[in-house]
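None of the values given here were measured: they were computed from a predicted structure. Naming: A, B, ... by sequence-line order, numbering from 1 per chain.
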Number of protein chains: 2
Amino acid sequence: MIVIDYRDKRPLYEQVAEKLAQLIICGVLESNTKLPSVRSLALELSINPNTIQRAYNQLEQDGYIYTVVGRGNYVTDVHEWKNGYQNTVLQELEEGVKKAREAGITSERVTALVQSVYAAPVQESPPPRDEESN
Amino acid sequence: MIVIDYRDKRPLYEQVAEKLAQLIICGVLESNTKLPSVRSLALELSINPNTIQRAYNQLEQDGYIYTVVGRGNYVTDVHEWKNGYQNTVLQELEEGVKKAREAGITSERVTALVQSVYAAPVQESPPPRDEESN
DNA sequence: TAAGTGCACTAATCGACTTAGTACACTTAA
DNA sequence: TTAAGTGTACTAAGTCGATTAGTGCACTTA
């Protein structure tokens with residue numbers, strides 16, 4: 001299911017988390033699917049269970065999966081995940097706008113920036129999943 | 001001019017850069033003022049010249065000062081600095097908006113966010129210097 | 001030419017991050 | 001109750017990058 005690239009300079013847990021996130025995003029792992037246990041996946045990849053644990057923690061923080069102690073890890077429902085991600089993006093954006101305001105940039109200028117971005121043609125890396133526009 | 005706090009866990013060069021930035025922002029060091037040389041300031045603070053060098057590099061990157069090899073470091077003109085800072089903020093903001101668009105967030109929602117931030121009453125830490133609104 | 005300036009390179013130190021080892025608490029089913 | 005399977009907390013070793021220091025070079029000015 002997952003292959004580790006030892007030439008990759010990033011930490012193992014980050015690689016594992018990223019690969020799993022991709023599988024979730026592209027739909028291979030559907031909502032509420034049970035992920036392999038930390039021990040079994042660790043055995044399969046020949047690395048320490050704690051490393052898998054950390055990858056799972058990362059995924060949980062990012063909202064991709066949820067954990068039930070004693071039972072296992074499960075893929076988060078698509079709608080929940082999408083809402084969570086959008087909220088994160090919006091929070092970051094709010095910080096940026098506040099910063100702009102404090103820097104003395106007018107709201108007109110910021111609004112113009114927003115419009116120009118949305119007016120630009122779409123290119124590269126489309127959003128993970130985007131059937132519905134809520 | 002500057003006092004180092006060894007209880008502070010941050011690196012020395014960061015402390016030095018921050019203190020100098022504050023002096024520049026609050027107007028103690030006016031535009032085109034010559035800063036102390038890396039050697040003299042290092043001697044004054046009893047730290048290595050390279051540490052001061054790094055602090056100055058940081059300040060130059062952030063647009064607070066400019067460097068002339070063989071001559072010294074000088075405080076950037078207020079207008080230049082302000083433009084540079086605003087551009088940095090706007091670039092960061094653009095990235096955020098692109099991310100929002102890719103996440104499937106509508107432009108209306110982003111615009112509403114911008115307006116709500118600018119509608120909120122001003123509070124805490126006002127912008128460094130803000131007599132003119134260009 | 002000499003003094004003063006910033007800059008580039010290397011080396012030592014130190015701390016944080018990463019990973020592994022181990023033991024514990026929880027859930028489930030026999 | 002018991003046993004197997006699950007996630008979690010704690011500590012320790014190893015590794016790697018950031019920070020700081022040391023040294024020498026190139027540039028500007030008088």
Q. Say you draw a straight line from OG of A:Ser37 to CZ of A:Arg71; how long is it, rounded to the nearest 0.5 Å?
A. 14.0 Å

Q: List in chain and number order the residues that pass salt bridge (charged side-chain N to carboxylate O under 4.0 Å, His left out) with B:Glu60, two or more places apart in sequence or in another chain; answer none if no residue qualifies.
A: none

Q.
Can you tell me which residue among A:Tyr56, A:Trp81, A:Tyr66 is in a ring-ring contact (aromatic ring centres under 6.0 Å, His included) with A:Tyr74?
A. A:Tyr66

Q | End axis versus end axis in the helix from C:dT1-D:dA30 to C:dA30-D:dT1, the angle rounded to 10°, five pairs used at each terminus | A | 30°

Q. Once you round to the nearest 0.5 Å, how far does OG1 of B:Thr51 lie from CG of B:Leu12?
A. 6.0 Å

Q.
Reading DNA chain C from 5' to 3', where do the contacts with chain B start and stop? Cut-off is 4.0 Å to heavy atoms.
A. C:dG4 to C:dC9

Q: Could you grab the distance from atom CG of B:Leu93 to atom CZ of A:Arg109, nearest 0.5 Å is fine?
A: 11.0 Å

Q: For each nucleotide in nucleotides 5-19 of chain D, reading 5' to 3', give B when a protein heavy atom comes within less than 4.0 Å of its base, S when such contact involves only the sugar-phosphate, and - otherwise.
A: BBBBBB--------S

Q) Partners of B:Arg7 by side chain to side chain contact (heavy atoms under 4.5 Å, CB included), sequence neighbours excluded? A) B:Asp5

Q | Gap between atom CG of B:Asn73 and atom CG of B:Leu59 - 0.5 Å precision | A | 8.5 Å

Q) Should B:Gln61 and B:Asn57 be marked as a side chain to side chain donor-acceptor pair (under 3.5 Å) after you check the CA-CA gap, both sets of side-chain angles, and the distance that decides it? A) CA-CA 6 Å; B:Gln61 272 201 336; B:Asn57 284 342; over 6 Å; no

Sequence neighbours excluded and cut-off under 3.5 Å, please list the side-chain donor-acceptor pairs for residues 18-27 of chain B, or say none.
residue : atom : partner : partner atom : Å
B:Glu18 : OE2  : B:Arg10 : NH1          : 2.8
B:Lys19 : NZ   : B:Val3  : O            : 2.7

Q: State the NZ-OH distance between B:Lys98 and A:Tyr118, to the nearest 0.5 angstrom.
A: 12.5 Å

